[in-house]
2 protein chains.
Amino acid sequence: METDRDAVEPRDGRRARGARTRDAALAAAVQLASVEGLEGLSIAHLASRLGTAKSSVHAAFGSKEALQVAVVARTRDILIELVIAPALTFPGGVARLTALGEGWMSYLEAKTFEGGCVLSSASLEMDGRPGAARDAVAGVMREWLDLLTSNVERAVAAGEIRAEIDPAQLAFELNAVGMAANWQSQLFGEAFSYQTGRAGWRGLLESNKASS
Amino acid sequence: METDRDAVEPRDGRRARGARTRDAALAAAVQLASVEGLEGLSIAHLASRLGTAKSSVHAAFGSKEALQVAVVARTRDILIELVIAPALTFPGGVARLTALGEGWMSYLEAKTFEGGCVLSSASLEMDGRPGAARDAVAGVMREWLDLLTSNVERAVAAGEIRAEIDPAQLAFELNAVGMAANWQSQLFGEAFSYQTGRAGWRGLLESNKASS
DNA sequence: ATTAAATATGGACGATCGTCCGTATATAAT
DNA sequence: ATTATATACGGACGATCGTCCATATTTAAT
């Protein structure tokens, strides 16, 4: 998910400087977006947090929309690193699905993002606003749901999950539980325990277990 | 959920006029908020849609925050009317829970709100912004979850649902499925079928059925 | 009819926003 | 050293926002 600009001439110190700037800016932008939302994220606010001119931030990304897209891409990278990659060490199917659920909950519990999962809030925030940012969010979410679905399919093929179920349906339900955990923890704070999310994820896998 | 102003002297035609104005403004505000979000809802935009001066809208509600709170209260009223009240005609327990799920999905399917359930998006949007609006959202959501929980408890008491389950846990899962349905329908449009939400809700009740 | 009160209006205010432009600075190429 | 290029900067622009104020209008009370 690198921009063309980065890829053209990686050895150019000028572009490297720009890339470092964008990189640092993105790290702050992701945190800001997790709190303020993808739309609430403002170039002005981000610049002031970075201590740079706001025109610099604008120049680094080109437009607010491009910044939003970059934030989504970065969030995707972080999610892959913290949740998906660790789960890939487990065999596909129920084991990997379990690892994905556990990884997701741990990632939320660790408060990687101050304001909760950016993608969750963004997907509800952007739903009424056509544009590149919305498409980026929808794309990542589609990827995520497909990942869940394909692992349910493998679990069915391996005889771990009942063959009668619709893989996309179970993937939908697993995702629903995870998003709800993110949501309730943000809204109710300490009053919510991630064990509820873990139990929900586990329960879905259990109750759809193949009756061997 | 009426303001003090309305309650003081209901026969006062001046206040009645104001109440009518607020009422009409709220109807438009709720639609706008469902698309733009609770924070994206602006007094200026609302006024232009109503064809009135923006200072009039401001005067009617007092502040943007008060407008947001009023929108939440109105959304709650609509939800009670369209989803909860019909379900109350069914006996408490699984029957009522089933009716709540069906009512919720139908209400989403009917696109009562252009941009999807205001409360769902608002609860994720407001989570990082302390204030009256956030508290209002959290309060309504708490009510909703409590309603689900208490019906699960009744279902357990009636022997319809396994006694080992945690009522709050199942309520969490049911709510997760409903919110996810709202969310996916907004993000993926026609590609999402509310049957997925219905099946999820039904599946949760089925798989937690008491083994009589 | 007059006075009082509640609501509606238009105009103005400062704040914040995204964007653009001329220019300064840092790095590369020659 | 000089020229070319990519990035960073400060300043300005118009647009939009929430809020306030003086005033007009509608309804109630006397």
Side-chain angles (χ1 to χ4, degrees), chain A residues 2-26 28-29 32-33 35-71 129 131-133, chain B residues 2-26 28-29 32-33 35-71 129 131-133:
Chain A
E2 299 182 33
T3 69
D4 293 339
R5 237 187 302 191
D6 299 333
V8 171
E9 185 66 28
R11 300 277 175 189
D12 190 321
R14 295 168 298 185
R15 292 188 134 119
R17 184 165 65 112
R20 277 196 307 273
T21 303
R22 266 192 304 281
D23 210 61
L26 259 184
L32 221 58
V35 175
E36 308 285 346
L38 206 48
E39 198 65 27
L41 168 66
S42 83
I43 289 179
H45 190 171
L46 176 55
S48 100
R49 171 164 299 196
L50 290 167
T52 72
K54 104 180 137 154
S55 56
S56 305
V57 176
H58 179 84
F61 294 97
S63 71
K64 174 169 182 178
E65 191 176 49
L67 169 63
Q68 292 174 319
V69 171
V71 165
R129 320 190 183 206
Chain B
E2 298 183 30
T3 69
D4 292 342
R5 237 186 302 190
D6 299 333
V8 170
E9 184 66 31
R11 300 279 175 187
D12 191 320
R14 294 169 300 185
R15 292 189 134 119
R17 183 164 66 112
R20 275 195 308 272
T21 303
R22 267 192 302 282
D23 211 60
L26 258 185
L32 222 57
V35 175
E36 308 285 345
L38 206 48
E39 198 65 26
L41 168 66
S42 83
I43 290 180
H45 190 171
L46 176 55
S48 98
R49 171 163 298 196
L50 290 168
T52 72
K54 98 179 144 158
S55 57
S56 304
V57 175
H58 179 85
F61 294 97
S63 72
K64 176 170 180 177
E65 190 176 48
L67 170 62
Q68 291 174 321
V69 171
V71 165
R129 323 190 181 207

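Letters A, B, ... are given to chains in the order of the sequence lines, protein chains preceding strands, and every chain is numbered from 1.
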>> In whole Å, I'd like the distance from the CZ atom of A/Arg22 to the C1' atom of D/dA8.
In response: 13 Å
> Which value, rounded to the nearest 0.5 Å, describes the distance between A/Ile43 atom CD1 and A/Ser63 atom OG?
Replying inline: 7.0 Å
>> How close do A/Ala24 and A/Leu50 get, counting heavy atoms only, and between which atoms?
In response: O-CD2, 4.2 Å
>> In whole Å, I'd like the distance from the CZ atom of A/Phe61 to the P atom of C/dG18.
In response: 13 Å
Between the protein and nucleotides 3-5 of chain D, list every N/O to N/O distance that falls short of 3.5 Å.
unit_1	atom_1	unit_2	atom_2	d
D/dT5	O4'	A/Arg14	NH1	3.4
D/dT5	O2	A/Arg14	NH1	2.9

>> Nearest whole Å is fine: how far is D/dA6 P from A/Arg20 CZ?
In response: 17 Å
> Would you say B/Leu26 and B/Phe61 make side-chain contact, with heavy atoms under 4.5 Å?
Replying inline: yes
>> So if I take residues 49-56 of chain B and measure heavy-atom distances to DNA chain D, which residues fall below 4.0 Å?
In response: B/Lys54, B/Ser55
>> Within the structure provided, determine whether B/Thr52 and B/Thr21 are in side-chain contact (heavy-atom separation under 4.5 Å).
In response: no
> Rounded to whole angstrom units, what separation is found between the CG atom of A/Asp12 and the C1' atom of C/dA26?
Replying inline: 11 Å
> To the nearest Å, how far apart are A/Leu41 CG and C/dT16 C1'?
Replying inline: 14 Å
> What distance do B/His45 atom NE2 and B/Glu36 atom CD have between them, rounded to the nearest 0.5 Å?
Replying inline: 6.0 Å
>> Between B/Thr21 and C/dA8, is there a contact of a side-chain N or O with OP1 or OP2 at under 4.0 Å?
In response: yes
> Could you state the NE2-P distance from B/His58 to C/dT7, rounded to the nearest angstrom?
Replying inline: 14 Å
> Rounded to the Å, how far apart are A/Gln68 CD and C/dT19 C1'?
Replying inline: 15 Å
> Does any pair with a residue in residues 43-71 of chain B pass salt bridge (Lys or Arg N to Asp or Glu O under 4.0 Å), and if so which ones, sequence neighbours excluded?
Replying inline: none
> Between B/Ile43 and B/Arg17, which has a closest nucleotide on DNA chain D that is more 5'?
Replying inline: B/Ile43
